[in-house]
Number of protein chains: 2
Amino acid sequence: MSSAPTTLPNNNAAATAGGATPSPTFSPLYQQIKALITRSLQSGEWRPGELIPSEVELANRFKVSQGTVRKAIDELSAENLVVRRQGKGTFVATHHEARAQFRFLRLKPDVGEPLYPDNTIIDAKRLRAPADIARQLDIKTGDSVVFLKRMQSFDNAPTILEELWLPGTIFKGLSVERVLQYKGPMYALLETEFGTQMIRAVENIKAVVADQVTADLLQLPLNTPLLSVTRVSFTYGDKPVEVRRSYYVTNNHHYRNDLN
Amino acid sequence: MSSAPTTLPNNNAAATAGGATPSPTFSPLYQQIKALITRSLQSGEWRPGELIPSEVELANRFKVSQGTVRKAIDELSAENLVVRRQGKGTFVATHHEARAQFRFLRLKPDVGEPLYPDNTIIDAKRLRAPADIARQLDIKTGDSVVFLKRMQSFDNAPTILEELWLPGTIFKGLSVERVLQYKGPMYALLETEFGTQMIRAVENIKAVVADQVTADLLQLPLNTPLLSVTRVSFTYGDKPVEVRRSYYVTNNHHYRNDLN
DNA sequence: TAGTGGTCTAGACCACGCT
DNA sequence: GCGTGGTCTAGACCACTAG
């Protein structure tokens with residue numbers, strides 16, 4: 001009573017050039033497709049903001065059904081690597097958008113709508129990575145890093161004071177002058193100038209009190225309580241590409257987090 | 001060249017008893033199925049920890065394909081209302097598990113693995129809801145609430161001091177004695193005793209310094225910086241059922257958050 | 001009107017957990 | 001061996017966008 005198989009047996013081909021050995025670790029087809037699409041995103045075959053090929057087109061290219069491509073893109077969409085728009089297509093995510101502006105910023109005003117920050121660069125230079133920064137950036141102590149110190153104000157109230165470290169090798173052409181003149185969101189700059197996309201980040205939060213220097217810059221009394229937020233941002237392949245140490249003033253703002 | 005339709009036209013039947021009027025707001029079938037399953041969860045037809053009917057069984061019950069049920073359960077699983085286990089079935093989520101223990105707790109030790117807290121109840125009583133609490137619980141000022149104050153210690157170090165407010169009408173039979181003798185996780189108690197499942201929560205975080213009372217209880221110097229975490233927890237239907245105001249000591253711990 | 005993502009179906013086989 | 005969730009396919013129709 002056996003019926004003729006209408007589907008192919010499970011294999012690991014998926015239209016790759018170099019035939020991969022049939023690994024014992026099983027991986028679903030849609031995961032392989034997802035990896036292939038991710039590689040194209042990473043390589044810049046489709047740039048941020050651009051339209052990627054339609055699902056049918058990708059299905060043809062990879063010799064799989066549309067449903068399999070769909071499931072792959074579903075996950076990429078859930079991870080914010082791409083954005084679906086019904087009737088139009090699927091687009092590569094970009095930090096050059098109003099909505100993306102606040103993607104990683106959890107600090108919200110206690111009352112009213114979020115405002116756009118005014119950025120002021122306090123310091124910008126190249127230096128050798130301290131041990132702790134190097135460890136978090138997965139580089140060697142003493143390697144070149146770009147260092148930035150800046151202030152973000154909302155409605156003319158100094159609210160965020162932060163220091164950023166970026167690996168010098170990745171952002172080789174990032175000049176101090178370029179940073180000083182730039183006013184927009186940092187991740188948009190890194191995206192267009194270096195093709196480095198921030199995909200996800202991890203934040204560690206502690207409570208501290210302001211020392212004299214910090215208090216002066218934030219125009220607060222000494223010992224004012226502040227949120228200390230240390231962020232590590234990652235690009236494709238879970239590669240860390242930014243360490244950011246921020247102080248958040250929470251007198252009129254709060255850090256908001258949704259738990260599911 | 002028209003082919004015979006193999007699928008039903010879009011309707012809003014979905015095996016409901018009282019025939020709903022075909023509303024102008026279109027809702028996909030799987031969303032309707034999801035709502036039906038959610039209702040069964042809420043009503044207690046399947047209790048926390050229990051196995052729910054298999055996908056095929058639900059498909060038969062609702063007169064839809066397995067794929068549609070699957071997509072509904074996919075979303076419920078993503079929202080942590082149910083847990084899938086391949087080869088075994090789909091289970092109703094419960095707070096009576098080691099993994100669920102830390103589901104809403106973002107405070108992690110700086111080094112080492114998370115430990116289970118020792119809970120000490122400092123105060124437990126019924127009182128009339130203050131205005132701000134009432135507003136957050138969506139009840140009237142002066143309505144009865146259960147008030148709890150407790151301390152959580154990790155490795156004998158006082159780390160979390162918190163106050164909880166629960167609506168008196170929902171947790172009517174919750175006696176002070178019951179709370180004082182109970183040692184396990186709060187949400188597990190509320191789940192088994194009152195059938196109230198905590199589904200999601202929102203946290204607002206600020207930095208503060210310890211006043212004398214707080215400092216004494218936490219065995220810290222006056223003015224030690226602390227995280228002030230205000231949480232509102234919700235059950236089915238986005239109904240708020242808990243307000244929790246906590247102070248986190250971040251000398252050896254940090255609040256961890258993943259950004260996507 | 002054509003093209004895209006979104007929904008829905010029916011059926012097959014695979015991986016897993018238990019008996 | 002059987003039942004469960006997990007993967008994959010092929011094909012149809014619906015909802016939305018734009019030329």
Side-chain angles (χ1 to χ4, degrees), chain A residues 1-15 22-35 37 46 50-60 62-78 82-92, chain B residues 1-15 22-35 37 46 50-60 62-78 82-92:
Chain A
M1 299 299 178
S2 68
S3 57
T6 59
T7 60
L8 297 167
N10 173 35
N11 62 48
N12 284 23
S23 53
T25 59
F26 165 73
S27 167
L29 233 197
Y30 76 87
Q31 287 287 4
Q32 303 174 41
I33 303 300
K34 182 184 170 190
I37 296 175
W46 314 307
E50 280 184 10
L51 186 65
I52 77 171
S54 76
E55 295 178 353
V56 253
E57 202 171 328
L58 290 171
N60 292 335
F62 297 132
K63 305 285 182 239
V64 298
S65 78
Q66 183 188 354
T68 300
V69 171
R70 175 154 258 282
K71 181 142 189 179
I73 295 182
D74 274 349
E75 292 204 352
L76 293 172
S77 176
V82 299
V83 177
R84 293 173 175 289
R85 287 195 225 282
Q86 180 172 144
K88 299 174 77 172
T90 302
F91 297 81
V92 183
Chain B
M1 300 296 180
S2 67
S3 56
T6 59
T7 60
L8 296 169
N10 175 36
N11 62 48
N12 286 22
S23 53
T25 58
F26 165 74
S27 168
L29 233 196
Y30 76 88
Q31 287 287 4
Q32 303 174 40
I33 303 300
K34 181 184 170 189
I37 297 176
W46 314 308
E50 281 183 10
L51 185 65
I52 76 170
S54 75
E55 295 178 355
V56 244
E57 202 170 330
L58 289 172
N60 292 335
F62 297 132
K63 304 290 183 229
V64 298
S65 78
Q66 182 187 354
T68 300
V69 171
R70 175 153 259 281
K71 182 145 187 177
I73 296 182
D74 275 349
E75 292 202 353
L76 293 172
S77 175
V82 299
V83 177
R84 293 174 176 288
R85 288 195 225 281
Q86 181 171 142
K88 298 175 77 174
T90 302
F91 298 80
V92 183

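Here is the naming used below: chain letters follow the sequence lines, and residue numbers restart at 1 for every chain.
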### Task
Return the residues of residues 66-74 of chain A meeting this criterion: a heavy atom under 4.0 Å from some atom of DNA chain D. Order them by number, or give none.
A/Thr68, A/Lys71
### Query
Within 45 degrees of the axis of the six-membered ring of B/Phe91 and under 6.0 Å from its centre: does B/Arg84 put its NZ or CZ there?
no
### Phosphate OP1/OP2 of D/dT4 contacted by B/Thr90 side-chain N/O (<4.0 Å)
no
#### Entry: B/Ser54 side-chain N/O to D/dT4 phosphate OP1/OP2 under 4.0 Å
yes
### Message
Tell me the interatomic distance from B/Lys63, atom NZ, to C/dT9, atom C1', rounded to whole angstroms.
### Response
16 Å
### Message
C/dG6, OP1 or OP2 - any side-chain N/O from A/Arg84 closer than 4.0 Å?
### Response
yes
### Task
Measure from the side-chain N and O atoms of A/Gln32 to the backbone N and O of A/Ser27, and report whether any donor-acceptor pair falls under 3.5 Å.
yes
### Summary
Checking N1-N3 plus N6-O4 or O6-N4 for Watson-Crick, or N1-O2 and O6-N3 for wobble, each under 3.5 Å, the partner of D/dG19 is none
### Identified side-chain contact (heavy atoms from CB on, under 4.5 Å) partner of B/Leu58 from the options B/Val64, B/Ile33, B/Thr68, B/Ile52
B/Ile52
### Query
When the distance from CG of B/Leu29 to C1' of D/dC14 is rounded to whole Å, what number comes out?
12 Å
### Query
What's the CG-C1' distance between A/Leu51 and C/dT4, to the nearest Å?
9 Å
### Message
Please compare A/Gly87 and A/Gln31 by the position of their nearest nucleotide in DNA chain D and report the one closer to 5'.
### Response
A/Gln31
### Query
Between A/Ile37 and A/Ala72, which heavy-atom pair has the shortest distance, and what is it?
CD1-CB, 4.5 Å
#### Entry: Length of the line joining B/Tyr30:OH and D/dC14:P, which is rounded to integer Å
17 Å
### Query
How many Å lie between CD on A/Glu55 and P on D/dC13, as a whole number?
19 Å
### Query
Is B/Lys88 near enough to C/dC18 that one of its side-chain N or O atoms lies under 4.0 angstrom from OP1 or OP2?
yes
